[in-house]
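Here's the structure, in structure tokens; my notes come after.
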Protein chains: 2
Amino acid sequence: MVKVAEQLVDVASGTPERILLAAERLFSERGIDAVSLREITAAAGVNTAAAHYHFGSKEAVLQELFSLRAQPIADRREQLLSELKPDKSGRPVLEDILVAFLRPGLEALGTPDGMAFSMMRARMAFEREEVRRAALSKAFNRTSEMALKSLAKALPDLPNQTLHWRFHFLLGSMVYTMAMPGRIESITHDGIDTVDPEAALAELVRFAAAGFRAP
Amino acid sequence: MVKVAEQLVDVASGTPERILLAAERLFSERGIDAVSLREITAAAGVNTAAAHYHFGSKEAVLQELFSLRAQPIADRREQLLSELKPDKSGRPVLEDILVAFLRPGLEALGTPDGMAFSMMRARMAFEREEVRRAALSKAFNRTSEMALKSLAKALPDLPNQTLHWRFHFLLGSMVYTMAMPGRIESITHDGIDTVDPEAALAELVRFAAAGFRAP
DNA sequence: GTCTATAGCTGGATAGAC
DNA sequence: GTCTATCCAGCTATAGAC
């Protein structure tokens, strides 16, 4: 309904931006369905009606917020994937593909806003509501297919089905990591309890690369 | 509040069982928060008050349902993990551990009830509400730690932190697989679109085993 | 553009008849 | 034990004053 600043700034100036920032924080803290529009507007210091005026509905707030945050990540991923350099055998290097695919999302974990978005994104991957998974799909489908194509080139002997299974496992590991920053394995308390995005990236790339190369 | 039959049968006889079965189906289809107690009781063909009489609250219905379904899986996992045979070097075999850990959960995907539970379980892993993650934790903590101990024995050279990271990735792949039976990768339509639990198990074991063995 | 006020629902829970 | 009837809190959304 309303054009919102391309980049949300930390100190929100206008009413729409304040609403989006409040929504992002609350959605990530407590989940989407558990947060009411009233809470969002209260946290933003504006009136309930303002959200309806600027966005039209609670779902529209979510969608606007999502695409606003997802776009830069998808763009960066696309850029990195398109810059991949083949090795001397003419094929892209598996590890390079994984880094290009994973880095934009995982490094977002390093900032408070990015962490909030990541948790929201991870949770949306498990949503039943079509409209929400559709937002994810719309934002990231293109780059997922780019990555799959590169992976197929890097691993020419891998059957297509197996490649898809392994890409699926990669997504699971990625999403699970994005869902719980700061508490890797709440199950076992002696685990890793701070998330350094660089460490997460390095560990996941190493793990997945070996997995993709399995016979 | 009320003792429910240890094993839910397909043709539900009593009122509590009918409520649990309806809840299971609806929770898995649409998510927990999106389903009202009224819908559950309507689907079960009983009155709203019946659910409160038998369970006390909607949350209690969920908890009862969860522990009822989780227990057999955890028990089976524990049994399989305790039966692991060491190889000639005296260590458990990585693949055997993975199978023991994953099989009870993944093979549940083969039955309609099991599939419904798996999707509910996967979604609960991403919940913010403490009480729900606590149910997961309570049901599966013990066997997760058993698996971690066996993994440490099978991979004596792997630093503890790395082991935990990789176990975390394993959980992510497992949960992601359990969350979306029948549509591995909705992102790419030419992917795998039916889930044979045995195939999922075999693929995940191969992928993860290679990942755990990465240097 | 931003507010107050309220309409119109839907939710969980319960009291009390049977 | 199982119903009907109802309470009351909370929600989204909107109409209309300013």
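Labels below follow one simple rule: chain letters A, B, ... track the order of the sequence lines, proteins then strands, and each chain is numbered from 1.
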Inset, instruction - State, to 0.1 Å, how close A:Ile97 and A:Leu84 come at their nearest heavy-atom pair, and which atoms those are. - result: CG1-CD1, 3.7 Å
Legend entry - B:Ser57 side-chain N/O to C:dG12 phosphate OP1/OP2 under 4.0 Å: no
Inset, instruction - Tell me whether the guanidinium CZ or amine NZ of B:Arg77 lies under 6.0 angstrom from the six-membered ring centre of B:Phe101 and within 45° of its axis. - result: yes
Inset, instruction - Could you tell me whether B:Arg121 sits above the aromatic face of B:Phe140, with NZ or CZ closer than 6.0 angstrom to the six-membered ring centre and within 45 degrees of the axis? - result: yes
Inset, instruction - Measure the distance from NZ on B:Lys58 to P on D:dA9 and round it to the nearest whole Å. - result: 20 Å
Legend entry - A:Thr177 versus B:His168, side-chain donor and acceptor atoms under 3.5 Å: yes
Inset, instruction - Determine, for A:Lys58 against A:Glu39, whether the closest basic-nitrogen to carboxylate-oxygen distance falls under 4.0 angstrom. - result: no
Inset, instruction - Check DNA chain D against residues 29-48 of chain B and give the residues with a non-hydrogen atom under 4.0 Å, in numerical order. - result: B:Asn47
Legend entry - B:Arg18 CZ to D:dG1 P, straight-line distance once rounded to whole Å: 17 Å
Legend entry - A:His54 side-chain N/O to C:dT2 phosphate OP1/OP2 under 4.0 Å: yes
Would you tabulate the pairs of protein nitrogen or oxygen atoms and nucleotide nitrogen or oxygen atoms of nucleotides 16-18 of chain C closer than 3.5 angstrom?
none

Inset, instruction - Report yes or no: does B:Gln63 contribute a side-chain atom to a donor-acceptor pair with the main-chain N or O of B:Val131 at less than 3.5 Å? - result: yes
Legend entry - Nucleotide C:dT6, atom C1' - distance to NE2 of A:His52 in whole Å: 14 Å
Inset, instruction - Measure from CZ on A:Phe55 to C1' on C:dT2 and round the result to the nearest Å. - result: 15 Å
